[in-house]
Protein chains: 2
Amino acid sequence: MFVNINATPAARPRFLGEHDDQSRASVLVTEFKYIRGAEIFGEAEPAEYVYQVVEGAVRSYKLLSDGRRQIGAFHLVGDIFGLENGAMHRFTAEAIVDTSVRLAKRINLEHAARADALVSRELLSMTTSNLQHAENHMLLLGRKTSLERVAAFLLEMDGRVSAAGVMALPMSRRDIADYLGLTLETVSRALSSLHEKGFLEFLGQTQRQIVLRNRSELAKLDL
Amino acid sequence: MFVNINATPAARPRFLGEHDDQSRASVLVTEFKYIRGAEIFGEAEPAEYVYQVVEGAVRSYKLLSDGRRQIGAFHLVGDIFGLENGAMHRFTAEAIVDTSVRLAKRINLEHAARADALVSRELLSMTTSNLQHAENHMLLLGRKTSLERVAAFLLEMDGRVSAAGVMALPMSRRDIADYLGLTLETVSRALSSLHEKGFLEFLGQTQRQIVLRNRSELAKLDL
DNA sequence: CGAAGTATTGAGACGTCTCAAAATTAGTGG
DNA sequence: CCACTAATTTTGAGACGTCTCAATACTTCG
């Protein structure tokens with residue numbers, strides 16, 4: 001489970017509290033791997049670590065007692081997650097595919113923030129962008145139709161996982177559904193409908209590689 | 001519009017950056033009044049001030065182009081709102097009833113945070129509790145039934161506006177609906193249903209004063 | 001190649017929305 | 001304070017969008 005890949009420092013994204021200024025004391029960072037489906041941390045568990053996706057993808061979700069699930073966010077390469085102000089995690093986090101993460105002890109990060117106003121501001125800035133995402137997602141969940149939700153999802157993911165115009169989605173229809181507050185069947189129907197209307201193509205023999213056509217028209221569906 | 005009520009310092013809630021230690025430099029705070037329905041700030045406007053409700057109630061919302069509205073939060077007496085990390089407001093804020101607010105210049109607050117790690121931590125803590133509220137609200141909007149949503153709303157408000165067991169709601173059924181991602185008719189039907197089932201009583205000749213009965217049973221509806 | 005997992009599609013059920021009317025409450029001016 | 005009007009809330013009936021259940025097709029992986 002434990003790995004020590006020290007990728008070329010230039011290539012890897014900056015972690016919280018890391019600075020180009022190498023003289024500054026940095027928080028200790030190690031690396032772990034999780035296989036597809038593995039739980040990284042559970043809701044209401046003590047928040048001991050903060051994580052960053054090096055490779056793979058992660059879903060963060062809450063459950064109701066009867067199993068209904070709401071995914072609050074997907075974490076892709078470079079994303080930091082598991083950052084809590086309180087002592088406990090407020091989501092369960094699972095690897096969607098085989099995933100490697102870097103992790104830092106929360107305590108160390110807090111010390112770094114206490115010592116360094118810049119780290120402290122980074123922390124606030126990260127929390128704020130999480131908040132901003134949640135605010136936009138409330139609008140989607142409360143007021144958008146299934147087609148609008150799926151269009152918004154595609155546009156969000158297009159900006160995050162697309163390379164050379166091809167979007168390779170790591171998550172299943174069920175994951176998408178639980179992110180958008182729909183059922184997997186409704187997501188599938190919406191994708192078929194967008195395909196019929198020429199907004200997207202499925203690539204090769206998979207349903208998870210998608211090319212968006214006419215992005216500006218698609219954006220009109222994301223009111 | 002402008003008022004200078006200096007309530008007894010002991011009675012009024014602490015504002016961001018204010019400390020009991022009076023020797024510490026505090027951010028300048030003034031007071032304003034808004035009549036029922038007045039806009040306090042608009043979405044995408046520059047965020048010049050941060051606000052705290054002294055009396056009244058405020059709704060923060062986003063709109064879609066065709067008028068669909070999602071209220072992200074209600075701000076009641078003591079609540080701080082309009083706090084942004086970026087330069088712009090991400091919601092429109094309106095007075096639900098005649099409302100007076102205290103306000104501080106964002107710039108000053110930022111200076112205070114730079115100078116004082118305690119203020120900085122307060123800022124992070126406030127942002128985190130906003131995030132936590134949004135996270136819980138995503139679960140409600142994405143996965144709960146209308147009855148569960150209304151039950152959750154009543155429990156939330158019970159903890160915030162109840163005095164002597166009586167909850168005096170400042171907001172209309174439409175506001176509640178736009179908060180819960182429902183229509184006002186569905187909210188009304190859910191309240192009637194909860195009334196029939198004995199979970200609540202309407203007080204006097206108004207539909208906005210409510211007494212909750214059997215809170216623990218009601219909590220079971222809020223899965 | 002077979003088996004398990006995932007995605008699509010169809011048909012009908014169900015919950016919430018829409019439209020409409022009536023009842024109730026709040027607001028306004030005399 | 002009353003009378004009138006406007007706004008809000010409740011309730012009903014039918015429409016509509018999404019969900020549920022089921023069957024089939026497709027993809028992945030051993």
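Side-chain atoms are counted along with the backbone in the values below, which use heavy atoms only and exclude waters and symmetry mates. Numbered from 1 within each chain, the chains take letters A, B, ... in sequence-line order.
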**Student:** Which heavy atom of B:Lys62 sits nearest a heavy atom of B:Arg90, and at what distance?
**Tutor:**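 Here B:Lys62 and B:Arg90 meet closest at NZ-O, 2.9 Å.
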**Student:** Quickly work out the B:Asp98 CG to C:dA26 P distance and round it to whole Å.
**Tutor:**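 Roughly 15 Å, once rounded to whole Å.
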**Student:** Using the side chain to side chain contact (heavy atoms under 4.5 Å, CB included) definition, which of the options B:Leu76, B:Ile80, B:Val58 pairs with B:Val53?
**Tutor:**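 The residue from B:Leu76, B:Ile80, B:Val58 that satisfies side chain to side chain contact (heavy atoms under 4.5 Å, CB included) with B:Val53 turns out to be B:Val58.
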**Student:** Report the distance from atom CZ of B:Arg68 to atom P of C:dC17, rounded to the nearest whole Å.
**Tutor:**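 From B:Arg68 CZ to C:dC17 P: 12 Å.
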**Student:** Find the distance A:Ile176:CD1 to C:dT6:P and express it as a whole number of Å.
**Tutor:**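 Going from CD1 in A:Ile176 over to P in C:dT6 covers 13 Å.
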**Student:** Parallel, tilted or perpendicular: which describes the rings of A:Tyr179 and A:Phe153, with under 30° parallel and over 60° perpendicular?
**Tutor:**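 Perpendicular, since the angle between the ring planes exceeds 60°.
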**Student:** Between A:Thr145 and B:Arg68, is there a side-chain heavy-atom distance shorter than 4.5 Å?
**Tutor:**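 In short, these two side chains touch, coming nearer than 4.5 Å.
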**Student:** Whether the A:Ser216 and A:Lys220 side chains hold a donor-acceptor pair (N or O, under 3.5 Å, no angle test) is what I'd like checked.
**Tutor:**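 The criterion, which ignores hydrogens and geometry beyond distance, is not satisfied for A:Lys220 and A:Ser216.
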**Student:** When the nearest nucleotide of DNA chain D is assigned to A:Lys144 and to A:Gln205 on a heavy-atom basis, which residue is associated with the more 5' position?
**Tutor:**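 The residue whose closest nucleotide sits nearer the 5' end is A:Lys144.
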**Student:** Please walk me through it: do A:Tyr51 and A:Phe41 pass ring pair (Phe, Tyr, Trp, His ring centres under 6.0 Å)?
**Tutor:** CA-CA 10 Å; A:Tyr51 304 79; A:Phe41 55 78; 5.4 Å; yes
**Student:** Does the B:Arg106 side chain pair with the main chain of B:Leu83, one donor and one acceptor, at a distance under 3.5 Å?
**Tutor:**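 No, because the side chain of B:Arg106 does not come within donor-acceptor range (under 3.5 Å) of the backbone of B:Leu83.
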**Student:** In whole Å, I'd like the distance from the CD atom of B:Gln209 to the C1' atom of C:dT24.
**Tutor:**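 Atom-to-atom, B:Gln209 to C:dT24, this comes out as 15 Å.
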**Student:** B:Leu203 CG to C:dT25 P: how many Å, rounded?
**Tutor:**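 Computing the B:Leu203:CG to C:dT25:P distance gives 12 Å.
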**Student:** Before you tell me yes or no, could you show the steps for B:Arg59 and B:Asp178 under salt bridge (Lys or Arg N to Asp or Glu O under 4.0 Å), namely the whole-Å CA-CA distance, both residues' side-chain angles and the distance that decides it to 0.1 Å?
**Tutor:** CA-CA 10 Å; B:Arg59 57 181 169 246; B:Asp178 286 348; over 6 Å; no
**Student:** Hey, does B:Gly181 reach any base, or is it just sugar-phosphate, or nothing, if we go heavy atoms under 4.0 Å?
**Tutor:**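 Sugar-phosphate contact only.
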**Student:** With respect to the phosphate group of C:dA26, does any side-chain polar atom (N or O) of B:Thr206 fall under 4.0 Å of OP1 or OP2?
**Tutor:**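 Answer yes for this pair, as a side-chain N or O of B:Thr206 is under 4.0 Å from OP1 or OP2.
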**Student:** Near A:Glu43 CD, under 6.0 Å, is it more than 12 heavy atoms from other residues, nucleotides or ligands?
**Tutor:**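 Count over threshold, so yes.
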**Student:** Without decimals, in angstroms, what is the distance between A:Leu169 CG and C:dA7 C1'?
**Tutor:**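 So the two atoms are 13 Å apart, to the nearest Å.
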**Student:** What is the distance from CG of B:Leu140 to P of C:dT16, rounded to the nearest Å?
**Tutor:**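 Roughly 12 Å, once rounded to whole Å.
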**Student:** Through what angle, rounded to 10 degrees, does the axis of the helix from C:dC1-D:dG30 to C:dG30-D:dC1 turn between its ends, using five pairs per end?
**Tutor:**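 About 60° separates the two local helix axes.
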**Student:** What string of B, S and - do you get for nucleotides 8-14 of chain D, 5' to 3', if B is base contact, S is sugar-phosphate-only contact and - is no contact with any protein heavy atom under 4.0 Å?
**Tutor:** SSBBBB-
